[in-house]
Amino acid sequence: NCCDADLYKQPRGLEDPEALARETVFSVSEIEALYELFKKISSAVIDDGLINKEEFQLALFKTNKKESLFADRVFDLFDTKHNGILDFEEFACALSIFHPNSPIDDKIEFSFQLYDLKQQGFIERQEVKQMVVATLTESGMNLSDDVIESIIDKTFEEADTKHDGKIDKEEWRNLVLRHPSLLKNMTLQYLKDITTTFPSFVFHSQVDD
Amino acid sequence: QPVAMNAFELISLSKGLNLGNLFDA
């Protein structure tokens, strides 16, 4: 029950790395190294030990001008306390799902929620189209509406096995198990090397890992 | 022409979904 909103009333910095290590797949050293990254991102605009949406976008795109449907969606999913900012606990718990050692079911669940834009418990055709169009716009690619529609037709032919015009969690699971590449962006190899990427954590380390 | 790419494959190419960028902070 990582990141249970009621579990911790106060946002935690790095007061208890061992507790966070128990709640996530990270070791204590990795939590401490991850905190170095968190400090960097959270001090980019306002140095308050919290990541706001602007800082999140800045870290993702290196510019705060970029409007992104997906950056917004990812931020909202990270923000499990739904207060518009990310504390270190939320950041670590969410990134834990992206760790190569995290259970695939957690990755499937997170990706489903990511694509279920309206949070209705299923992914509908209109949402898929919105996301396809957003991706194409973002990358400056131009596909005709007919081509986009045919891509979506094909996808639903395969994914929507119950033929009700939407993709529910079970159908999503079956689809990604057939196409593991759809979960590729749910695994960050960087997280395996986080202690070597941010070696300065050793200067602040509170424990012998 | 029929297109072979899955819509979600295309979506997963979005930069906003590539959290690896966070690590170049």
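Throughout, a chain's letter reflects where its sequence line sits, starting with A, and its residues are numbered from 1. Small disclaimer: the values here were computed from a predicted structure and weren't measured.
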Q) Would you call the rings of B/Phe23 and A/Tyr190 parallel, tilted or perpendicular if under 30° counts as parallel and over 60° as perpendicular? A) parallel
Answer key: most heavy-atom pairs under 4.5 Å with chain B among A/Met131, A/Met141, A/Glu138 is A/Glu138
Closest heavy-atom pair, A/Thr135 versus B/Leu13, reported as atoms and distance to 0.1 Å, is CG2-C, 4.4 Å
Value for NZ (A/Lys154) from CG (B/Asn6), rounded to nearest 0.5 Å, stands at 9.0 Å
Residues at least two apart in sequence or cross-chain that pass side-chain contact (heavy atoms from CB on, under 4.5 Å) with A/Lys129, listed by chain then number, are A/Val133, A/Asp145, A/Ile148, A/Glu149, A/Ile152
request  = Without swapping roles, check the side chain of B/Glu9 against the backbone of A/Leu182 for a donor-acceptor pair under 3.5 Å.
outcome  = no
When rounded to the nearest 0.5 Å, the distance separating CG of B/Asp24 from CG of A/Leu60 is 10.0 Å
Bottom line for A/Glu158: the part with an atom under 4.5 Å from chain B's heavy atoms is side chain
Smallest heavy-atom separation, B/Leu22 atom then A/Ala59 atom, equals CD2-CB, 3.7 Å
Taking every heavy atom of B/Ala7 against every heavy atom of A/Val128, the minimum-distance pair comes out as CB-CG1, 3.7 Å
So, the part of A/Tyr115 with a heavy atom under 4.5 Å from chain B: the answer is side chain
Turns out that what part of A/Ile123 lies under 4.5 Å from chain B's heavy atoms comes down to side chain
Okay, A/Ile194 and chain B: the region with an atom under 4.5 Å from a heavy atom over there is side chain
If one checks every heavy atom of A/Ile51 against chain B at 4.5 Å, the contacting part turns out to be neither
To the nearest 0.5 Å, atom CG of A/Leu69 lies from atom OG of B/Ser14 at 8.0 Å
The interface call for A/Leu188 against chain B, heavy-atom contacts under 4.5 Å, is side chain
What one should report as the nearest heavy-atom pair of A/Ser68 and B/Gly16 is OG-CA, 4.0 Å
Review point. Any side-chain heavy atom of A/Val176 within less than 4.5 Å of one from B/Phe8?
Key: no
Checking A/Lys184 side chain against B/Ser12 main chain: does a donor-acceptor pair fall under 3.5 Å?
no
Hits for side-chain contact (heavy atoms from CB on, under 4.5 Å) against A/Val74, two or more places apart or cross-chain, chain-then-number order -> A/Phe56, A/Phe78, A/Leu114, B/Leu17, B/Leu19
